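Read the structure below first, then the notes.
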Amino acid sequence: MNRKVLFTPNEIEQFFENFNNEVFSFDTETTSLVYSEIKLEGISFCDGDNNAYIVLQGRDSKGNILFKNEFKKSIIDYLRGIFKKAKILIGHNIVYDLKVMHKYGIPFEHCELYCTMIADHLLDETRPHGLKDLAKQFLGVEITEYSNATFTSKFFEYAMNDALWTWQLCTLQKPLLQEQGLLKLFRDIEMPFQKVLVDMAVNGITVDKERVEKTTKEVKQKVEDLTVQMLEHIKEPYSMQVTLTGDSNVISKINFNSPAQLSDLLFTRLGLDVVERTPSGQPSVGRKTIAIYKKHPFVELLNKYKIASKLLHAFFEPMLDFVEADGKVRPSFKDTGTVTGRLSCSKPNLQQLPKVNKDMPIDTRQCFVADRGYKMVTCDFSGQELRVLTQITQEPVLIDTFNSGKDMHLATANDFFDLGIPEECLYTYNDKFDMYKDKFKNERDKAKIVNFGMAYGKGAYGFSQDFGISEEEAQKILDKYFAALPAVKKAIEECHNQVRKTGYVTSLTGRRRRFNAKEFNGNKFYPNSAFRQSFNFLIQGFSADMIRIAMTKVREMAKNYPQWGLKTIFTVHDEAGYLIKENYVNEASEKIKETFENAVNFCIPVIADIGIGDDYSESK
DNA sequence: TGGTTCAGCGCC
DNA sequence: AAAGGGCGCTGAACCA
């Protein structure tokens, strides 16, 4: 292997004379992980024969800049030309590198991508996917923890290794992907989707900081008021403290955030009966307890306190820390964050924005706004998981319900509880549909719980808890469900057999979920949780790939309509968020909806709903 | 001081 | 004995 550290334009040009410009691995070294602050420090390359690190800026182990390459600007110009000729780019966590390149205007749109981190996640959805982890496992590289003293002198070598290892991993992974039937998923779904991830990482979402600040104060006041009211209710002494910054605090011996203190308060001091226990056997003060005692004046306050305190600490207070200098948050969407193939999201986690609660009408979604001249458009799959369940199982009853445009939950309720709703009134467009939906809201909600519970592998015990009925009665519900939908039962059994036989299941896109067998007396067996997970994976995992396909297609489609100014800004499982220039919002929305609905070919219609507004609350 | 685990709870 | 899938984030409690 020809290995070199390159500083000058001459050295660099010489290196690329003998370099395979069409297919290579590369890795960027940067100064910061915050998008607005990212600066290129250097780039390493490898084509299998040649391996180099181009130094644009040097730093010591403490991050101090040692020197700047005086040719940085012209080198980056030169590299634009190199990448322009590239056909396949190989990287580890390539979304990160592409993000950096986007910032420097280095082209990659024309390239096919190969990400060794994503490939590894497809090969094993549970292990760590760090480059060093993989180099150790697959390349037998000894990873020595470097000390600060040797860091600087070894830095260039480490940097070169990143591109080298990435290249070598790629070579090793390809046959493994092939063997396990993962190539199609990798090439046709995951890799094109990486560009969508880059879009989201670059675009970010604008936050209305004033609103966040204003609402933070409001919620803070609520938390304080409720704390005082609770203390007065239990006649606990307290005092008010005003800090130098003008904030006020309630000082007391009781901490309402402590589960231990709370359980002492409720079950000893107030004499309530314990309704649930934690896995470790402690009396629990959770949702269920609160629901049962919701009429109790103290618990009523506690309920509101919990909601307000959650909003304050898990959403409003941390939010401003995530806002970058340009007024945007850039949540980190991780493509390898879950075992099912869903994305995970953090900093901030848009997947868990509290919905408006009737006991606490605070709307977190109003904090995320469309940029000037743009509208926010969201597009979500309607009833995605049940439609996927239908496609997977090919259950005729479900197929008929969806094909005829009936409301699934009301149809289920009608069958289950013998509601006697005339069949034609189950169609969502029927005049009497809304009336029946309203009249049998309870039954429909129960049916909804059953429909989703089935997909998650819920048992008789779970349903008995949901509905406050005996396990025997709950078992009857289960039996009835499976009797009415035999193909669902069959599909679940086949899935479980697959686990028993091979230890893994494969979704419709070829994604795998593997399970570890336990051994007892020489017998291999899987815990019940593995069976629940396996069938749920078929639904959840496919749904995740379905939105990957849809978002990738929207991205491709939008290239034909540059006037829209379409920007992909986020996704939440079955939903995607876009910015569209105001004048084109209707035209674009229609095309997005169409693209989502035609993303996959099902035996039933796929329906997507559009929302349009100036902020995420309006567009939802 | 920092790390981990647990309980709890937000979302799809 | 456990008892519905998948996450991330918080504070409390505990440990070194």
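A, B, ... follow the sequence lines: proteins, then strands. Residue 1 opens every chain. A quick note: this is a predicted structure, and the numbers were derived from the prediction, not measured.
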* Asked: What is the nucleic acid contact for A:Ser309, judged by heavy atoms within less than 4.0 Å: base, sugar-phosphate only, or nothing?
  -> nothing

* To do: Could you please name the option among B:dC9, C:dA12, C:dG6 that lies closest to any side-chain atom of A:Pro259?
  => C:dA12

* **Spacing of OG1 belonging to A:Thr509 relative to CD belonging to A:Glu190, to within rounding of 0.5 Å** => 8.5 Å

* Asked: Taking only N and O in the side chain of A:Arg277, is any of them less than 4.0 Å away from OP1 or OP2 of B:dA7?
  -> no

* Asked: Between B:dC12 and A:Lys355, is there an OP1 or OP2 to side-chain N/O distance shorter than 4.0 Å?
  -> yes

* Asked: For atom P, what is the distance between C:dA2 and B:dC6, given to the nearest Å?
  -> 14 Å

* Structure fact -> Between CD1 of A:Ile362 and P of B:dC11 the distance, given in whole Å, is 14 Å

* How close or far is atom P of C:dG5 from atom CZ of A:Phe542, stated in whole angstroms? -> 23 Å

* Structure fact -> When rounded to whole Å, the CD to P distance for the pair A:Gln465 and C:dA2 reads 14 Å

* Asked: Within the modelled atom types, does a donor on one side and an acceptor on the other bring the side chain of A:Gln533 and the base of C:dG5 under 3.5 Å apart?
  -> no

* Between C:dA3 and B:dA7, how far apart are the P atoms? Round to whole Å, please. => 13 Å

* Residue A:Tyr456, side-chain atoms from C-beta onward, closest of C:dG11, C:dG4, C:dC7 -> C:dG4

* With respect to the side chain of A:Asp574, which nucleotide from B:dC12, C:dG4, C:dG8 is positioned closest? -> B:dC12

* Check every atom of B:dG10, C:dG6, C:dG5 against the side chain of A:Arg532 and return the nucleotide holding the closest atom. => C:dG5

* **Any side-chain heavy-atom pair of A:Ile254 and A:Ile234 under 4.5 Å** => yes

* If only side-chain N and O atoms of A:Lys620 are considered, is one of them under 4.0 Å from the OP1 or OP2 phosphate oxygen of B:dC12? -> yes

* Asked: Does a side-chain N or O from A:Lys310 land closer than 4.0 Å to OP1 or OP2 of C:dT10, or not?
  -> no

* Proximity to the side chain of A:Ser344 - top-ranked nucleotide from C:dC7, C:dA12, C:dG5 -> C:dC7

* Asked: Is A:Arg342 side chain donor-acceptor paired with the C:dG6 base, going by distance under 3.5 Å alone?
  -> yes

* Structure fact -> d(A:Ile592 CD1, A:Lys553 NZ) to nearest 0.5 Å is 15.0 Å

* Stacked cation flag A:Lys446 on A:Phe416, 6.0 angstrom / 45 deg -> no

* Structure fact -> Per atom distances to the A:Ser529 side chain, the nearest of B:dC9, C:dG8, C:dG5 is C:dG5

* Structure fact -> Against the side chain of A:Asn257, the closest entry in C:dG11, C:dC9, C:dG6 is C:dG11

* Gap between atoms CD and P, on A:Glu125 and C:dG6 respectively (whole Å) -> 11 Å

* Mind calculating the distance between OH (A:Tyr461) and P (C:dA2) to the nearest angstrom? => 11 Å

* Whole angstrom value for the distance that separates P of C:dA3 from CD of A:Glu276 -> 14 Å

* When you check the phosphate oxygens OP1 and OP2 of B:dA7, does a side-chain N or O of A:Thr278 lie under 4.0 Å from one of them? -> yes

* When you get a sec, tell me which of C:dG6, B:dC12, C:dG4 is the closest nucleotide to the side chain of A:Asp466? => C:dG4

* Asked: Would you say the side-chain atoms of A:Asp479 pair up with the backbone N or O of A:Lys476, donor to acceptor, closer than 3.5 Å?
  -> no

* To do: Ignoring backbone atoms, establish whether A:Ser464 has a side-chain N or O less than 4.0 Å from OP1 or OP2 of C:dA3.
  => no

* To do: Consider the side chain of A:Gln261, meaning its heavy atoms from C-beta on, and name the nucleotide among C:dG6, C:dA3, C:dA13 that approaches it most closely.
  => C:dA13

* To do: Would you kindly give the CZ-to-C1' distance between A:Phe333 and B:dC11, to the nearest whole Å?
  => 13 Å

* To do: Calculate the interatomic distance between A:Asn528 atom CG and C:dA1 atom P; express it in whole Å.
  => 15 Å

* Minimum-distance nucleotide (side-chain atoms of A:His573 versus C:dG4, B:dG8, C:dG6) -> C:dG6

* To do: Determine, for A:Tyr504 and A:Arg514, whether the Lys NZ or Arg CZ falls below 6.0 Å from the six-membered ring centre while staying within 45 degrees of the axis.
  => no

* Structure fact -> Rounded to the nearest 0.5 Å, the CD atom of A:Glu575 sits from the CZ atom of A:Phe596 at a distance of 9.0 Å

